[in-house]
Each structure stands twice: as structure tokens, then as C-alpha cells.
Amino acid sequence: MPNFTFEVTKTCAQTGARLGVLHTPHGDIHTPVYMPVGTAATVKAMTPRELMEIGAEIILSNTYHLHLRPGEDLIREAGGLHQFMAWPKPILTDSGGFQVFSLSGIRKIKEEGVTFQSHLDGSRRFISPEVSMDIQHALGSDIMMAFDVCTAYPCDHATAKDAMERTHRWAARCKAHHAKAPSADTQALFGIVQGAFFNDLRIESAKVLADMDFIGYGIGGLSVGEPKPIMYDMLETIMPYMPGNKPRYLMGVGSPDCLVEGVMRGVDMFDCVLATRIARNGTCFTRAGRLVIKNAKYARDFGPIEEDCDCYACRNFSRAYIRHLFKAGEITGARLASIHNLRFLLRLMEDVRAAITEDRFGDFRKAFFDKYDLSRNF
RNA sequence: GGAUGGGUUCCCGAGUGGCCAAAGGGAGCAGACUGUAAAUCUGCCGUCGCAGACUUCGAUGGUUCGAAUCCAUCCCCAUCCA
């Protein structure tokens, strides 16, 4: 599939962390990459122009949410998701698999697929691997995710095995269904490794999916409440079994420290709602750790969120002003904090890529954690 | 000058004899947030403390076993009449 070649362009001599480029029909993605999340066809509080300005190369959207509203037919009629939301760069769509997990109270899983009760109006909706593919075809995303079954933490071995095996069967169905689509060559399909927190299952899942030869691989079912060292251990366990010439996408991660640690362990792609969600709730990332901008101690702090940040918010506005906006309930507060947090992660990844290029990612990582306060982290 | 209605914890506002440190909002303070059911949610919000104790409902005095609630006087506020 020439539309989606992935090249590992450099491996850090110090750490083995890798640098790459994923070519897509809507442009190149330089990895390791952080992908802002735009579930409902918008990265909340951000315009596409602003996303371009802060250096986003690819964003995420969601099958389940867009299926419910406005519906994939409408988006197809609009010319596809890129045109509908006026975002010309690559888009990755999640399959709805995560909603199988996060909406566990209002869905039922069977072998054929999952019946959801819409969180919007309670109506019953059915999503199967085939339906998920069809919806993602209508959306026209560059990268489609297989419809998987994500498990919670903790999770017993039998349940994890069950979910993993179903994920594999569903991955095969996704692949078969996608192969028949007109867009089979212009939309890439990623498989998703599951297996909860069991080494044997994770390794098995990585192997099974590798044999199925996907364009790239999601690592799902992590960052679901487990302690970080457990997640890091899982990454180390499976990475030797992940195809070296395919992009590896750690789904739903994460915080600044998790990104650095993920890259250290061979992850190429990340996405996370954390940056934009905590931004709307009044918390900012900084290289020193979290900064709760709405706290009273910043009422008369006329410096920027972060002194050496190059984002629009930091170049023009003070902590005192942004705090005021939050206290006043003004949406500009959420917008400025979102711009900052996204730019923070995108810039962190730019710095990570530069460090790998120069064979000093180990030094970079050490300097990062020397400065970053983990005691009040996410 | 007269009539009527009022004065409740930072603000608004419920409460008309015990179940009241006093509903409910708001404001304030803090916390949570990781493939987004989130511009959301949670906690605290008289004082000291574990329990519990203590001081509060315009002021003063009274009735009562018991008062934010009843009575008296006074001080303020609002509206209306002169």
C-alpha cells in the first residue's frame, strides 16, 4: 500500500528510541507524534487554523459519536470528514471500541457486535466490526482503527483472554470488510493489541495481529486506571513482538511524562483527551508539572503560564488574566488553556524528535524528569 | 407625621416555638480528570475540634423547660399616604 509507507528514519544511539515518517494521502506525519483529539469533529475549543498554527499534523475523531450525530451519511454528503470540519491534514478515527468500554453501563456485547443505547437519546444502536468499517469509510479518515474490546483494570485472566480473542476475530472481520471497500487503498486500517495486564496474552495478541499484517498497530487497553509502572512494563513486554517496520500507537496516552516514557519504549503515536479536557477545567501543563491556573495564588501573577512557551496564550496573556477568564466563566479561558496545553505536547514531541535525531534522547529524558514534578501529576 | 411590609450565616433567599449552625441558589476555596456521555464532576464553605463543645438569625430586655421563630421598646430599610 504505497499510500501509507512508514519509514523509521533514525534510531537514537543513546536509547534506541525511534524517529519516523508515516506518509498518508493528506500529508506526512512525523513520529513520535501526539495527536489532538476531536471526538465530535472538532478539537474542543480549537479551530483548524489554530491547530495548524501550533503544529498539529494529525487529529483524532470518533466513529461512535459521529455515527450518532450528525450521522456518517451527512458527513459523506458533505464531502467527507476532512471537508466537513475544514481540516486538510490527516485524520485518525477511533472505531467506537473505546465506547464499548467507557459506556459499559449502556451497552451489550455479543459476538456479532455491540448494542449501545445512545447516550444522547437512549435509542438502541448496533455497531459491529463491519458497521464500524462502513462508518469510517463514510467519514473518509486516513487511519481507521479496528473495532476492539477494551478491558478495565483490574481484569481477571479469563475475561481478558475472552476480550482479546474476540478482538482478534473482530480484527479479521474488519480487515476482510475493509479489503472490499473502494477506499481500501486510501484508508489505512490499524489493528489493536489487547490482553489487559497479562504478559502471555499481550504477547499472544501482538503476535496474532502481526501475522494479520496491518498497516499499523494500536496498543489498547492501557492507561485505564493502572499504576504507570504497570503500563510501562506492559509496553516493554510487548514491544519485541510488535513489527519493527510498522507504526505503534499507544491509545489514550497521555500526560507529558507518559509520552516521554512511551517514546523511550518504542511508541510512535499517542493521542489523549487529557490536554484539552484539563485545559477546559482550568489546569495547564508546564515543564515543571501541572499548574492549576484557576487557583487563587495566581490572581496577581502577571507572568505567562510558562515563561519560555511559544504559544499564543503565553506570548500575550498573563496567568492573572487567564485565571480571571476562568473565574468569570469566559470561554476564552478554556480556549487559551487548550491552545497552551496542545502546543505544550506538540512542542514536547518536537523536542523529543530533535533529541532522537541528535542521539541524545537519554539526556533529554533525564533533563525532563529532573525538572518535572511527578508528585502532583495526572 | 401616618400606614404597611421587612431586617437570617460573604450575597440572594427559605425558615414563624424543639427534628436549626439554620433549606436552596450564588460567590469563594480546594480536588479529580489519560482511544471525551466532561466549558464536567466531587468536596469544603460560623468557630475550635475525633466525638463533641461553643458563639450566631438588626439591638436590648422579656415570656418559655426550650426562641431565628412569641411579646415590649428601640434602631434601620422599602413602598404608599399626608
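Letters go in sequence order (proteins before strands), and every chain restarts at 1. Owing to the predicted nature of the structure, the values given are computational and were not obtained by experimental measurement. Below, all heavy atoms of this structure are taken into account, side chains as well, without hydrogens, waters or symmetry copies.
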Are [X] and [Y] ion-paired here, with the side-chain N under 4.0 Å from a carboxylate O?
X        : Y        : answer
A:Lys110 : A:Glu112 : no
A:Asp310 : A:Arg343 : yes
A:Glu204 : A:Lys161 : no
A:Arg173 : A:Glu130 : yes

Would you say [X] places a side-chain N or O within less than 4.0 Å of OP1 or OP2 belonging to [N]?
X        : N     : result
A:Ser223 : B:U34 : no
A:Gln99  : B:U36 : yes
A:Arg277 : B:C41 : no
A:Ser102 : B:A37 : yes
A:Arg323 : B:C29 : yes

As a test of reading the structure: which of [options] is closest to the side chain of [X], going by heavy atoms?
X        : options             : value
A:His65  : B:U34, B:A37, B:A32 : B:A37
A:Leu103 : B:G35, B:A37, B:A39 : B:A37
A:Ala296 : B:G35, B:A30, B:A32 : B:A30
A:Arg290 : B:A37, B:C33, B:G31 : B:C33
A:Ser95  : B:C33, B:U36, B:G35 : B:G35
A:His119 : B:A38, B:G35, B:U34 : B:A38
A:Phe98  : B:G35, B:A39, B:U34 : B:G35
A:Lys294 : B:A37, B:A32, B:C33 : B:A32
A:Lys228 : B:U34, B:G35, B:A39 : B:U34

Item to check | Heavy-atom donor-acceptor pair, A:Asp148 side-chain to B:G35 base, under 3.5 Å | outcome: yes
Next on the checklist: Donor-acceptor check, side chain of A:Asn295 to backbone of A:Lys297, threshold 3.5 angstrom: yes or no?
Outcome noted: no
With rounding to whole Å, what would you report as the distance between [N] and [M] at their [atom1] atoms?
N     : M     : atom1 : value
B:G25 : B:C71 : C1'   : 34 Å
B:C20 : B:A82 : P     : 47 Å
B:U16 : B:C70 : P     : 9 Å
B:G6  : B:G13 : P     : 13 Å
B:U69 : B:G7  : P     : 11 Å
B:G46 : B:C80 : P     : 38 Å
B:A3  : B:U8  : C1'   : 26 Å
B:C12 : B:G18 : C1'   : 28 Å

In the strands shown, is [N] matched to any nucleotide by a Watson-Crick or G-U wobble pair with both distances under 3.5 Å, and which?
N     : value
B:U79 : B:A3
B:U60 : B:A72
B:A39 : none

Could you tell me the separation between the [atom1] atom of [X] and the [atom2] atom of [N], rounded to a whole number of Å?
X        : N     : atom1 : atom2 : value
A:Leu342 : B:U36 : CG    : P     : 14 Å
A:Asn295 : B:C29 : CG    : P     : 9 Å
A:Leu274 : B:A39 : CG    : P     : 14 Å

Would you mind classifying the nucleic acid contact of [X] as base, sugar-phosphate or nothing, using non-hydrogen atoms under 4.0 angstrom?
X        : value
A:Ile192 : base
A:Asn281 : base
A:Gly218 : nothing
A:Leu60  : sugar-phosphate

Item to check | Chi class for B:A37: syn within 90° of 0, otherwise anti | outcome: syn
Checklist entry - Any cation-pi pair here, A:Arg287 with A:Phe344, using under 6.0 Å and within 45°? => result yes
Item to check | Which residue lies more 5' along RNA chain B, comparing A:Lys327 with A:Ala334 via nearest heavy atoms | outcome: A:Lys327
Item to check | In one Ile/Leu/Val/Met/Phe/Trp/Tyr side-chain cluster, 4.5 Å: A:Ile109, A:Met164 | outcome: no
